[in-house]
Amino acid sequence: MKKGDHLFLVDGSGYIFRAYHALPPLTRKSDGLPVGAVSGFCNMLWKLVSEARDTSVGVTPTHFAVIFDHSSKTFRNELYPEYKANRSAPPEDLVPQFAVIREATRAFDLPCIEMEGFEADDLIATYARLAREAGADVTVISSDKDLMQLVGPQVSMYDSMKDRQIGVPEVIEKWGVPPEKMIDLQALTGDSVDNVPGIPGIGPKTAAQLIEQFGDLDTLLERAGEIKQNKRRENIVEFADKARISRELVRLRDDVEVSEKLGELVLNPLNGPKLVAFLKGMEFTSLTRRVADATDTDASAVDAADVAVDAAAEMRGPDLDPGDAANAAVTATGQNDDTPQGLAKRRAAEAGSAKIDTTAYETLSDIEQLKAWCAMARETGVVAFDTETTSLDAMQAELVGFSLAVPEAAPDTGELKVRACYAPLAHSNGVGDLLGGGGLQPGQMPVRAALDELKALLEEPAVLKIGQNLKYDMLVMAQHNIEIKSFDDTMLLSYVLDAGQGGHGMDALSERWLGHKTIGYKDVTGSGKSAIPFAQVAIDKATAYAAEDAEVTLRLWHALKVRLVSEGMTSVYERLERPLAPVLMRMEQRGIRVDRQILSRLSGELAQGAAALEAEIQELAGENFNVGSPKQLGEILFDKMSLPGGSKTKTGQWSTSAQALEDLAAAGHELPRKIVDWRQLTKLKSTYTDALPGFINPETKRVHTSFAMAATTTGRLSSSDPNIQNIPVRTAEGRKIRTAFVAEPGNVLISADYSQIELRVLAHVANIPQLTQAFADGVDIHAMTASEMFGVPIEGMPSEVRRRAKAINFGIIYGISAFGLANQLSIERSEAGDYIRKYFERFPGIKDYMDATKAEAKENGYVTTIFGRRAHYPEIRSSNPQVRAFNERAAINAPIQGSAADIIRRAMVRMEPALEAAGMQARMLLQVHDELIFETAEADADKIIPVIVEVMENAAMPAIDMAVPLQVDARAAKNWDQAH
DNA sequence: CCTATCTCTTA
DNA sequence: GTAAGAGATAGGT
């Protein structure tokens, strides 16, 4: 920085409060996030930076920074513990805006500066001094009197709200003393807001007069005896010390060791699209337009930005206790409490307020009734929707009926009133004869006409559809060419808010939040052998069951949706959960081709191999027994044959785990080896080659897995019916199963997987320089670890050394214990402990990360991914050491596993639009935690792979700029084994 | 017929 | 040591 340069320093914290109080209260984004202060702040910044570029205005900044207070604790508290002690907490609807405002600053591409232990004013003073010494001019954007001591020939202030320049004459005019005497003046007057004592009875006028008379504070205190007024003289003598302390409190530190140097504050050209994206995300329409115009940005071509994830972290309010919340009466403060927390509390009470009456539902028997309900839903703009079908398998399910629920417009009684109905469409008579299930039950409307009405409602973007696990209903409706536009999903809401706090199924949520036990599916259909299809349930019973589900769903939404804002989870829900549902729906709908012949052939081979082994096993055992029974096997091995080294499971049975059998085999016994081999073959046969063909859909001839979005605590998906996330890959035998997952003729499968994503996430979150460097250099990460730990050069490293380092790396991710590592490596626990100590010595950041994560989990009851997702561990404070240790390990693992899960979710949400934008015909079929499988025409594969890789490698951006690059390997082939 | 236990598969 | 789902057996209802 040099002479002629001009530094603008914005007092960000001061500005936040002014913007907050200047603007109408409770300006909210459509999702309820309060944004009044953010809006005021953005308008002010925009005014500053746009005028700054207007050279017709006299002052043009070359450098710019926005300075914030870091926290309420500063060095001043050590000088004087009462400093700012009477400050009340900021208003609750302002709290979530602090982080958003920092995000806003970054969206303007401006340095956003704060430092622990110092106030914004100290940083401003420091930068002002540095700039002054470099010969530059400074303008402090603030009207705070605390900063006026900085004013001088090169430094002025600017009150942007009053559009007023504050220089030396203005300070003298206002306070009666020049800027350099402001410290003494404030020392005398004190400050009731900041709890700076000063001297009683002395206000600004008297103080100015005294300073005028004596020159400065020290002289005044020395010669206080000369003051004529008795009371004033006594006070000055008595409170001289208080004045001296006050002087130190108001004197700004201009020697802070600032992290950003002056040169880094250079004002860069504005990034139009980046700022427009942010403003659009905040729904500031007129400012968005102004900025777009001024920067020549096409606002319609810019996607609204990710809501700041850092914001989410700071937005957490007091966690609601779900059990209490359900029964909580509206508290005295809750009644008029317009904070997000107050609203959430009220809504929870309202949702569970009314007794649910399952006899009060309407059954819709003709199309006019349905039309009336659709009109009602359009009126309210919100409708809960649920389908009833013939099957849990959405791909084979036939629609039997559907239910709707709407909130009733009612004055603010503190109760939620709901109307619900059921529209039966295909209920048949149970009197099934050999020709089929009998005729239709009476009182049902024509299906065709009903679906037309329903389609118009579900596809109407202005009506919010609410469902519980809507992915299922989407899949069912997709069979009828109906898309559900504009929706919320109570299961996903619960998952985002309460992952780890229990199940997210409707029955569990209803009990937890509404204190209501729903009618069970089995209560209407019966169970086991006497179960009847839902289509044969009597319509009145079906109405009670189905409409209740819609009512409960609507009530749950009422209670849960508002918690997104009060708990700072909006961005997780809106970016990582809700948009993924339709993506997964389409993946499930597409399915993947599985070659029946290949499986059948494999099954035969496996059967032969297993039979041969079984015969040898019986021979060696000397008797016929059930080889698949661990109980019988344990008795043969350890009781009958008396092999040594047997251990017991927790139920007292002999353990026959693969590890135990391997140990026996290593000791030279023949039988255990054969058991291990037999188990591998029978496992592959029963779980894969025999079971998979049963999942081939007769219509599509493909296998359609079901992805569960709310099954894990960490944010991973799970897969079932069949589980395609545990198809064998480690052994050559097992990999043969993968050759049966094939592309259609003329197509290929593409497999794209993240390389070492969890270790990369670890390097990022724990900030480990060696790991970061190794990934940047692209070196073998396990070899690097081994080299650091054991001092072995990477070149020519023995594979055993690398293997151990690899196990330790994984162990770290899993929240390592000496016990676990010892088991994994088959070494002594003491030796494993030595390894761990060594690791922590070489990578001390890892230990810090683990300790900090444990502490965070204990403090909050949850841990957080880099995108703000929370995983709760309510048992982490357990007095049982085993339970506690387990929860600690899980809590250490969750941010790593969960962040990786978030990254691939982001990639999946962006993938389809990206492929489309690139003009690519490729269909995403499967997700296996760090891998995505696509199918595409063979000729297109080479063009598509770079698009896929690009989306996956940049999936964390722009929310998180990772310290480590993400690497994706992708390959195309005819089957999954070759593509992987 | 349902549930718990054990084992094994994946990332 | 983390996170899942599933099959076979065994034992209760």
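A salt bridge links A/E800 and A/R804; the closest N-O separation between the charged side-chain nitrogens and carboxylate oxygens is under 4.0 Å. Ion pairing between a basic and an acidic side chain is recognised when a charged N comes within 4.0 Å of a carboxylate O; A/E635 and A/K640 show no such pairing.
In this pair, A/F534 and A/Y521 present their aromatic rings parallel. The plane angle is below 30°, not in the 30 to 60° band.
The distance from the OG1 atom of A/T682 to the CG atom of A/D677 is 10.5 Å, given to the nearest 0.5 Å.
Proximity note for A/V729 (side chain, C-beta onward) versus B/dT10, C/dA10, B/dC6: the nearest is B/dT10. Distances were taken from every side-chain heavy atom of A/D721 (C-beta onward) to each of C/dG7, B/dA11, C/dA6; the shortest belongs to C/dA6. The side chain of A/S657 approaches B/dC8 more closely than any other nucleotide in the set C/dA8, C/dA3, B/dC8. Listed nucleotides: B/dT10, B/dT7, C/dA10. Nearest to the side chain of A/S629: C/dA10. Candidate nucleotides B/dA11, B/dT9, C/dG7 were compared by shortest atom distance to the side chain of A/T687, and C/dG7 ranks first. Residue A/P728 places its side chain closer to B/dT9 than to any other of C/dG1, B/dT9, C/dT2. Considering only side-chain atoms of A/S686, the nucleotide from C/dG11, C/dA8, C/dG1 that sits closest is C/dA8. The A/Q680 side chain lies nearest to B/dT9 when the options are C/dT9, B/dA11, B/dT9. In the set C/dA4, B/dT9, B/dT5, the nucleotide with an atom closest to the side chain of A/Y688 is B/dT9. Which of B/dC6, B/dC8, C/dG1 sits closest to the side chain of A/K683 comes down to B/dC8.
Considering only side-chain N and O atoms, A/S718 lies under 4.0 angstrom from the phosphate OP1 or OP2 of C/dG5. Proximity of A/N893 to the phosphate of C/dG1: no side-chain N or O atom is located under 4.0 Å from OP1 or OP2. Between A/T713 and C/dA4 there is a side-chain N or O to OP1 or OP2 distance below 4.0 Å. Between A/R730 and the phosphate of B/dT10, there is a side-chain N or O to OP1/OP2 separation shorter than 4.0 Å.
Look at NZ on A/K685: it is 13 Å from C1' on C/dA8, rounded to the nearest Å. Rounded to whole Å, the distance from CH2 on A/W678 to C1' on C/dT9 is 11 Å. Remark: P of C/dT2 and CD1 of A/I812 are 13 Å apart, rounded to the nearest angstrom. Straight-line distance from the CD atom of A/Q927 to the C1' atom of C/dA3: 12 Å, rounded to whole Å. Going from atom NZ of A/K648 over to atom P of B/dT7 covers 13 Å, rounded to whole Å. The interatomic distance linking A/R679 (CZ) with C/dG7 (P) rounds to 17 Å, in whole Å. When the C1' atom of C/dA6 is taken as reference, atom CG of A/L684 falls 13 Å away, rounded to whole Å. Atom-to-atom, CD of A/E733 to P of B/dT9 comes out at 12 Å; the value is rounded to the nearest Å.
The closest donor-acceptor contact from the side chain of A/E888 to the backbone of A/I876 lies at 3.5 Å or more, if one exists at all.
Looking at which nucleotide of DNA chain C each of A/G811 and A/N723 is closest to, the 5′-most match is held by A/G811. Looking at which nucleotide of DNA chain C each of A/S720 and A/T714 is closest to, the 5′-most match is held by A/T714.
As judged by a 4.0 angstrom heavy-atom cut-off over every strand, A/A807 is placed among the base-contacting residues. Contacts of A/S817 with the nucleic acid, taken as non-hydrogen atoms under 4.0 Å apart, include base atoms. Residue A/A901 is classed as having no contact, given no heavy-atom separation below 4.0 Å to the nucleic acid. Using a 4.0 Å heavy-atom criterion, one finds that A/D753 contacts no nucleic acid atom at all. Contacts of A/I813 with the nucleic acid, taken as non-hydrogen atoms under 4.0 Å apart, are absent. Using a 4.0 Å heavy-atom criterion, one finds that A/R716 contacts the bases of the nucleic acid, with or without backbone contacts as well. Residue contacts for A/F810: at a heavy-atom cut-off of 4.0 Å it reaches no nucleic acid atom on any strand shown. The residue A/Q632 sits close only to the backbone: its heavy atoms come under 4.0 Å of sugar-phosphate atoms, none of a base. At the heavy-atom level, A/T649 lies under 4.0 Å from the strands shown only through sugar-phosphate atoms. Backbone-only contact: A/A658 has heavy atoms under 4.0 Å from sugar-phosphate atoms and none from a base.
For A/F843 and A/Y839, the distance between ring centers is under 6.0 angstrom.
A/S603 and A/D690 share a side-chain donor-acceptor pair at under 3.5 Å. Using a 3.5 Å distance cut-off with no hydrogens or angles, the side chains of A/S751 and A/R738 do not pair a donor with an acceptor.
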